[in-house]
Amino acid sequence: MRHRRLSLLAVLAAALIASAPAHALQIEEASIADIQAAYRSGELSTRQVVEMYLARIEAYDKQGPYLNSIINLNPKALEEADRIDAAFKASGKLKGPLHGIPVLVKDVIDADDMPNTSGFQGWKHWMPKRDATLVAKIKAAGGIILGKASTSEFTNGGGDNINSVLPGFARNPYNTAFATGGSSGGTGASIAASFATVGIGTDTGGSVRMPAAHNALAGMRPTVGLVSRDGIQPNNSVRDTAGPMARNVTDMALLLDAIAGIDPTDAATLRAKGHIAKTYTAVLKKDALKGARLGVLRQIFTAKNTDPRILANFEKTLAELKAAGAVIVDPFAVPEIETLPRAPQTSARRKDDMNRYLAAHPGIPYPSMEAIAASKLAHPLHQVRLEADAAAGPVATDQETIKGLEVEEAYRVAFTKAMNAGKIDAVVFPTWAQLPVVNGDRNTQLMTEEANPKGGVTGLGSSLTFVGSTLQWPALSVPSGYLGQGLPVGLQILGRAWDDAKIVGYAYAYEQATRYRRPPASVPALGPVVARD
């Protein structure tokens, strides 16, 4: 009912656009700076911008290419836009750095006036009573939460985004036969399709970086603790973080500015004291790569686990980085990771984290891991895992969890030692070892980290994002080309803890030198008239 009501709202928005004169600003691929320049000049109002995005969603999300990237829209989006416009008219000043900027957030993040489903049909109608901290920060900066983007159920995604009962799978706008990547695939597809200006995903094992790569976006996993996790359905509280996703690095940095900060409700953010940049835009310099020593971690992407097209493309990427001024240290090796196992995401940790989240939300249906598992409402692919989570014992005494923490610390020690010895500023490698899989095809998909958590670095698998997740250090993906049937791929840049600003600068310099981002053909500009049935 809610989505149908918003669908009618979008039709009205499209009709208003169709009857209005054409604007100089084309909303497709528009940046934060583009939109705010139109506000300052009086060319556009916030309401008009929201209407433009609603019209694109109406035209392309549930019809046409049927991207299926959005679960719910904000019923008060236009009302919020009007308030922002009225305040701007009265003061002549922008409310904040995200003034009038529509944002889509992954549907695992609490936002007032919309359900938070986590892709689970048992929470289809459940409404949280307050905003997550990062949502409140976006609103305080002048942003508008336009809606909720689809997600793999309970963030259990990886090489695809098909494993949720509630939304179904999202489609890659660059080729709708293929997956968006999980678990933030809805955010990835919707921002790539210009359904909003910027978006928020969450990343435990790669769920921001991989859909960013699959959808030609800049997407970042910040150092754990830089962004509050309050009000976000958890997966692993040691590794979990939210992260910005955008069509360009500048907008990604501006969104990170808005959401970074210490939050008393999330103890991990206390570690960020003294590490938060005044603005992450200060590092956006075209020569940021000049003299940067980048280590190539070939141990994790080999001919055994990586598509040969990705291997060949990465050699081109290295040449581009070198041409931009970087010093390429190739290979860069961390000997210890050859023998260290993958640190698992354990059932005990998931159960403990989820039950704490559920306890903080009185009235939520199925208010425990046991109740969720017993409901049998989850996707069949996840039912066994949910039952294992429900049966898990205390996290404090779980030997698998304890061993995993030891492995993660060993990773940090090993990487710090190797990076110091080689005077390495950042580590580089492809974002993902394989191209997006065909939607719905689970038979030919290569094993992922989720399927083979103890596979080691030389085993068959697509995940190259596990390194940053294991370290809990900052890592991002930036577009680095298109392969196969027009499918995007990404360069992954990994930094030390709290080197978030440094790797943002490197990504910007690479982006400016290569300019790989291009809009997907499946969702063209609507023009002054929107075709409707």
Side-chain angles (χ1 to χ4, degrees), residues 205-206 209-210 213 220-221 223 288-308 310-343 407-433 449 455-459 461-478 480-481 489-510 513-514:
R209 291 161 287 163
M210 190 255 291
M220 184 174 182
R221 170 194 173 83
T223 304
L289 280 166
K290 188 174 181 180
R293 291 178 60 82
L294 305 181
V296 182
L297 191 66
R298 291 191 182 273
Q299 288 166 285
I300 67 166
F301 66 101
T302 69
K304 291 183 179 180
N305 74 332
T306 308
D307 188 308
I310 289 179
L311 289 173
N313 187 74
F314 190 71
E315 295 308 312
K316 179 168 63 72
T317 300
L318 291 178
E320 291 163 342
L321 289 165
K322 188 174 181 180
V327 177
I328 305 299
V329 181
D330 186 11
F332 162 69
V334 183
E336 293 86 345
I337 69 171
E338 297 288 353
T339 55
L340 284 170
R342 294 278 184 95
V407 170
E408 290 172 343
E409 179 59 22
Y411 259 78
R412 288 188 286 271
V413 170
F415 269 81
T416 300
K417 177 183 174 182
M419 291 176 73
N420 287 346
K423 298 180 180 178
I424 302 298
D425 292 302
V427 181
V428 295
F429 41 98
T431 303
W432 202 249
E449 180 183 1
V457 298
T458 57
S462 299
S463 172
L464 302 181
T465 56
F466 76 93
V467 178
S469 299
T470 302
L471 294 164
Q472 289 106 57
W473 289 359
L476 58 78
S477 181
V478 62
S480 63
V489 292
L491 161 66
Q492 190 170 179
I493 306 175
L494 167 76
R496 290 179 174 87
W498 311 114
D499 272 356
D500 303 75
K502 180 183 285 189
I503 65 170
V504 168
Y506 295 162
Y508 177 80
Y510 178 76
T514 57

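Quick note: numbers below take in every heavy atom, side chains included, and nothing from hydrogens, waters or symmetry partners. Residue indices begin at 1 and follow the sequence shown.
You'll find the side chain of K502 stays beyond 4.5 Å of the side chain of I493, heavy atoms only. You'll find the side chain of L294 stays beyond 4.5 Å of the side chain of V427, heavy atoms only. The shortest distance between side-chain heavy atoms of V428 and F314 falls below 4.5 Å. Looking at Q299 and V334, their side chains come closer than 4.5 Å, going by heavy atoms from C-beta outward. A 4.5 Å side-chain heavy-atom check between M220 and V504 finds at least one atom pair inside the cut-off. The closest side-chain heavy-atom distance from V296 to I328 is below 4.5 Å. Looking at R412 and K417, their side chains never come closer than 4.5 Å, going by heavy atoms from C-beta outward.
Note: S463 OG to R209 CZ = 7.5 Å, rounded to the nearest 0.5 Å. To the nearest 0.5 Å, atoms CH2 (W432) and OG1 (T465) are separated by 4.5 Å. Here the straight-line distance linking atom CD1 of I503 with atom CH2 of W473 works out to 11.5 Å at 0.5 Å rounding. The line from CZ of F332 to CZ of F429 is 10.0 Å long, rounded to the nearest 0.5 Å. Taken to the nearest 0.5 Å, the CG atom of L289 stands 10.0 Å off from the OH atom of Y510. Note: N305 CG to L464 CG = 6.0 Å, rounded to the nearest 0.5 Å.
In plain terms, the two heavy atoms of L494 and A475 that are nearest each other are CD1-CB, 4.0 Å. Shown here for T431 and L491, the closest heavy-atom pair between the two residues is OG1-C, 3.4 Å.
Geometrically, R342 engages F466 in a cation-pi contact, judged by NZ or CZ lying under 6.0 Å from the ring centre and within 45° of the ring axis.
A salt bridge links R298 to E315: at least one charged side-chain nitrogen sits closer than 4.0 Å to a carboxylate oxygen.
Here the side chain of Q492 pairs no donor or acceptor atom with the backbone of G490 at under 3.5 angstrom.
When L321, D425, D499 are each tested for a side-chain contact (heavy atoms from CB on, under 4.5 Å) with Y506, only one passes: D425.
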